[in-house]
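Computed from heavy atoms alone, side chains included, the values below leave out hydrogens, waters and symmetry copies.
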Amino acid sequence: MSVTIFGIKNCDTMKKARAWLDGHGVAYDFHDYKTAGVDKADLMRWAKLVGWETLLNRAGTTFRKLPDADKEGLTESKAIALMLAQPSMIKRPVIETGKTLLVGFRPEAYEKAFG
């Protein structure tokens, strides 16, 4: 199974997710948004699978600092444009396994996906 974890290296939630994967012997590739950016096609595919509302990190500082005009009337295309411009607005981590897409760190979901 090919596993890729997408996120930001120094994010605390990312550290928890990587520690869980390491502790359970799950090999993975790491894609850092800060250094490698994020692909629009990936974001659009993820949004179709889990919904853009799940992908958008509204609780994060980057989103909260946006002008109210940018936060109001969000649509999928507007949210994807915001996440492309500032990848730290993508909820972390996003894990692709080839058959499953996991968003956020929930140990029970990881247990189900990786056994």
Side-chain angles (χ1 to χ4, degrees):
M1 168 186 335
S2 174
V3 176
T4 304
I5 183 170
F6 296 82
I8 296 169
K9 186 177 183 179
N10 292 324
C11 167
D12 288 339
T13 306
M14 288 293 300
K15 290 175 185 174
K16 290 176 192 172
R18 288 196 317 263
W20 191 98
L21 293 171
D22 292 341
H24 289 80
V26 178
Y28 58 88
D29 293 318
F30 173 56
H31 179 101
D32 190 335
Y33 296 139
K34 292 282 188 186
T35 59
V38 63
D39 187 65
K40 183 177 183 177
D42 285 337
L43 272 179
M44 293 178 74
R45 185 168 37 81
W46 298 342
K48 296 279 182 267
L49 289 169
V50 299
W52 65 266
E53 298 91 341
T54 298
L55 285 175
L56 184 63
N57 182 8
R58 294 173 192 252
T61 307
T62 306
F63 183 82
R64 290 193 319 257
K65 287 184 176 179
L66 284 175
D68 287 341
D70 288 344
K71 291 188 252 185
E72 293 168 3
L74 281 175
T75 62
E76 181 176 1
S77 60
K78 188 174 177 181
I80 287 174
L82 286 171
M83 290 184 277
L84 279 171
Q86 298 188 54
S88 57
M89 277 195 251
I90 303 168
K91 194 173 287 181
R92 299 177 293 274
V94 173
I95 297 181
E96 279 192 310
T97 69
K99 60 181 179 180
T100 305
L101 185 72
L102 303 169
V103 179
F105 176 62
R106 292 186 337 274
E108 64 279 2
Y110 284 35
E111 193 67 49
K112 185 176 178 184
F114 301 110

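- Residue M83 holds its CE atom at 10.5 Å from NZ of K91, rounded to the nearest 0.5 Å.
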Residues 50-57, side-chain donor-acceptor partners within the protein, below 3.5 Å, at least two apart:
unit_1 : atom_1 : unit_2 : atom_2 : d
T54    : OG1    : V50    : O      : 3.0
N57    : OD1    : A59    : N      : 3.3
N57    : OD1    : G60    : N      : 3.2

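- With sequence neighbours left out, D39 forms a side-chain contact (heavy atoms from CB on, under 4.5 Å) with A41, D42.
- Between the K71 side chain and the R58 main chain, no donor and acceptor come within less than 3.5 Å of each other.
- Between E96 and R45 a salt bridge is recorded (basic side-chain N to carboxylate O distance below 4.0 Å).
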Point to revise | Derivation and outcome, side-chain contact (heavy atoms from CB on, under 4.5 Å), residues F114 and H24 | key: CA-CA 8 Å; F114 301 110; H24 289 80; 6.0 Å; no
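- The structure places CZ of F6 at 8.5 Å from CG of L101, a figure rounded to the nearest 0.5 Å.
- Counting only distance, with no hydrogens or angles, the side chain of H31 and the backbone of G37 share a donor-acceptor pair below 3.5 Å.
- Classified by interplanar angle (parallel below 30°, tilted 30° to 60°, perpendicular above 60°), the ring pair F105/Y110 is perpendicular.
- Summarising the geometry, atom CE belonging to M89 is positioned 11.5 Å from atom OG1 belonging to T61; distances are rounded to the nearest 0.5 Å.
- A donor-acceptor distance shorter than 3.5 angstrom exists from the side chain of R92 to the backbone of S88, with no hydrogens or angles considered.
- Expressed to the nearest 0.5 Å, how far CG of D70 lies from CG of D68 amounts to 9.0 Å.
- The CD1 atom of I95 sits 8.5 Å away from the CH2 atom of W20 when rounded to the nearest 0.5 Å.
- To the nearest 0.5 angstrom, T4 atom OG1 is 5.0 Å from D29 atom CG.
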